[in-house]
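Have a look at the structure below before the remarks.
So that the names make sense, note that chain A is the first sequence line, chain B the second, and so on, each numbered from 1.
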2 protein chains.
Amino acid sequence: MSELHVPAIDTVAIDAVLAALADPIRLTLVRALIAAEDWTCGSDVLRSTGITIGRSTLSHHLKVLREAGLIQTRVQGTRRLVALRHDDLTRRFPGLLELVAPPAAAPTEPGTSTPTA
Amino acid sequence: MSELHVPAIDTVAIDAVLAALADPIRLTLVRALIAAEDWTCGSDVLRSTGITIGRSTLSHHLKVLREAGLIQTRVQGTRRLVALRHDDLTRRFPGLLELVAPPAAAPTEPGTSTPTA
DNA sequence: TCAAATATTCGATGCGCATCGAACATTACG
DNA sequence: CGTAATGTTCGATGCGCATCGAATATTTGA
């Protein structure tokens with residue numbers, strides 16, 4: 001079991017983070033990971049969003065997010081477990097995760113509307 | 001004198017804001033406007049950044065920023081004065097401006113590292 | 001009314017990026 | 001060792017977007 005390389009959080013620029021979050025699919029993935037709050041299988045977090053894309057495309061987006069410093073990846077058997085770098089991001093960019101967090105983040109109210117533009 | 005139309009701040013989605021800030025030139029313009037803190041001539045704020053692009057390109061970027069809810073424009077004679085929607089943005093997206101603010105914006109502490117990639 | 005200054009709009013162009021499918025890699029399990 | 005499962009890499013493709021130049025407003029001032 002090993003960890004895929006990620007940039008040190010101090011070397012991560014907000015410019016790269018914003019560029020990574022510009023893509024709607026990557027933004028959705030990050031939001032799902034914020035909600036997950038723990039290691040998750042990459043393809044599972046994709047399925048949880050309802051988005052349907054090819055495996056290679058998902059792999060590409062996860063790579064972009066990893067190299068942008070947003071997520072980390074752990075190899076477990078034939079699977080890849082991904083997780084948001086929650087602590088690192090909160091320390092380096094306070095307020096960032098709250099900013100991109102799901103707009104209707106009401107855990108006790110699943111029926112709320114999601115005014116995502 | 002008139003004001004160009006801007007979207008109501010409540011209708012602005014963070015998704016659109018992030019997409020607008022993904023472009024390096026637009027990000028630079030926003031940072032210059034944060035530093036300006038007041039109405040500024042569009043071409044002046046461009047010159048202050050040192051970026052050299054055509055007039056039409058600048059006009060395009062300002063339009064994107066305006067429609068994304070980040071700036072507002074006032075017509076004064078043959079000029080266009082632009083300003084960041086500072087209060088609106090702070091109210092709707094707390095922490096956003098601090099996040100994208102110039103990395104080395106420490107007036108009293110010039111010794112901090114500037115990890116701009 | 002004409003000319004100058006400033007900015008927008010329009011059409012075209014080129015590049016970057018998201019996407020896909022196929023081939024390859026890695027690990028688990030029989 | 002061979003097969004299945006998962007994921008990455010590679011090459012190609014298509015679209016969106018940033019960019020530019022020319023043409024077009026709009027306002028000012030002589």
Looking at side-chain heavy atoms only, is the closest gap between B:Asp15 and B:Leu18 below 4.5 Å?
->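 Result no, sub-4.5 Å side-chain heavy-atom pair not found.
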
Round to the nearest Å and state the distance from A:Ile53 atom CD1 to D:dG14 atom P.
->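 Rounded to whole Å, this separation is 20 Å.
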
Find the distance B:Ile51:CD1 to D:dT19:P and express it as a whole number of Å.
->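 Roughly 9 Å, once rounded to whole Å.
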
Upstream residue (5' side of DNA chain D) when A:Thr78 and A:Lys63 are each assigned their closest nucleotide =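 By nearest-heavy-atom nucleotide position, the 5'-most residue is A:Thr78.
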
What does A:Leu58 touch in the nucleic acid at a heavy-atom separation under 4.0 angstrom: a base, only the sugar-phosphate, or nothing?
->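 A:Leu58: no heavy atom of the nucleic acid under 4.0 Å.
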
Looking for any heavy atom pair under 4.0 Å, which part of the strands does B:His61 touch: base, sugar-phosphate only, or nothing?
->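 Sugar-phosphate, no base atom in range.
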
Choosing from [options], which nucleotide comes nearest the side chain of [X]?
{"X": "B:Cys41", "options": "C:dA7, C:dT27, C:dT19", "result": "C:dA7"}
{"X": "A:His60", "options": "C:dT8, C:dT19, C:dA5", "result": "C:dT19"}
{"X": "B:Arg26", "options": "D:dT8, D:dA18, D:dG7", "result": "D:dA18"}
{"X": "A:Arg79", "options": "D:dT28, C:dT8, D:dG7", "result": "D:dG7"}
{"X": "B:Ser59", "options": "D:dT9, C:dA18, C:dT9", "result": "C:dT9"}
{"X": "A:Thr57", "options": "C:dA7, C:dT27, C:dC20", "result": "C:dC20"}

Do you know the tightest heavy-atom contact between B:Arg85 and B:Gln72?
->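 Shortest heavy-atom separation between B:Arg85 and B:Gln72 comes out as CG-N, 4.0 Å.
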
Which atoms form the tightest heavy-atom contact between B:Arg31 and B:Val100, and what is the distance?
->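 Nearest pair, atom of B:Arg31 first, then B:Val100: NE-O, 2.8 Å.
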
Most 5' of B:Leu81 and A:Gly54 on DNA chain C, judged by nearest nucleotide =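 Nearest-nucleotide comparison on DNA chain C picks B:Leu81.
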
Starting from the 5' end of DNA chain C, give me the residue, B:Thr73 or A:Val64, whose nearest nucleotide shows up first.
->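 Looking at DNA chain C, the more 5' nearest nucleotide goes with B:Thr73.
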
hbond_proxy B:Ser56 side chain to D:dG21 base (donor-acceptor, 3.5 Å cutoff) =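 Yes.
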
Under 4.5 Å between side-chain heavy atoms, hopping through other hydrophobics if needed: is there a path connecting A:Ile71 to A:Ile34?
->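 Yes, it is one cluster - the side chains of A:Ile71 and A:Ile34 are joined through contacts under 4.5 Å.
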
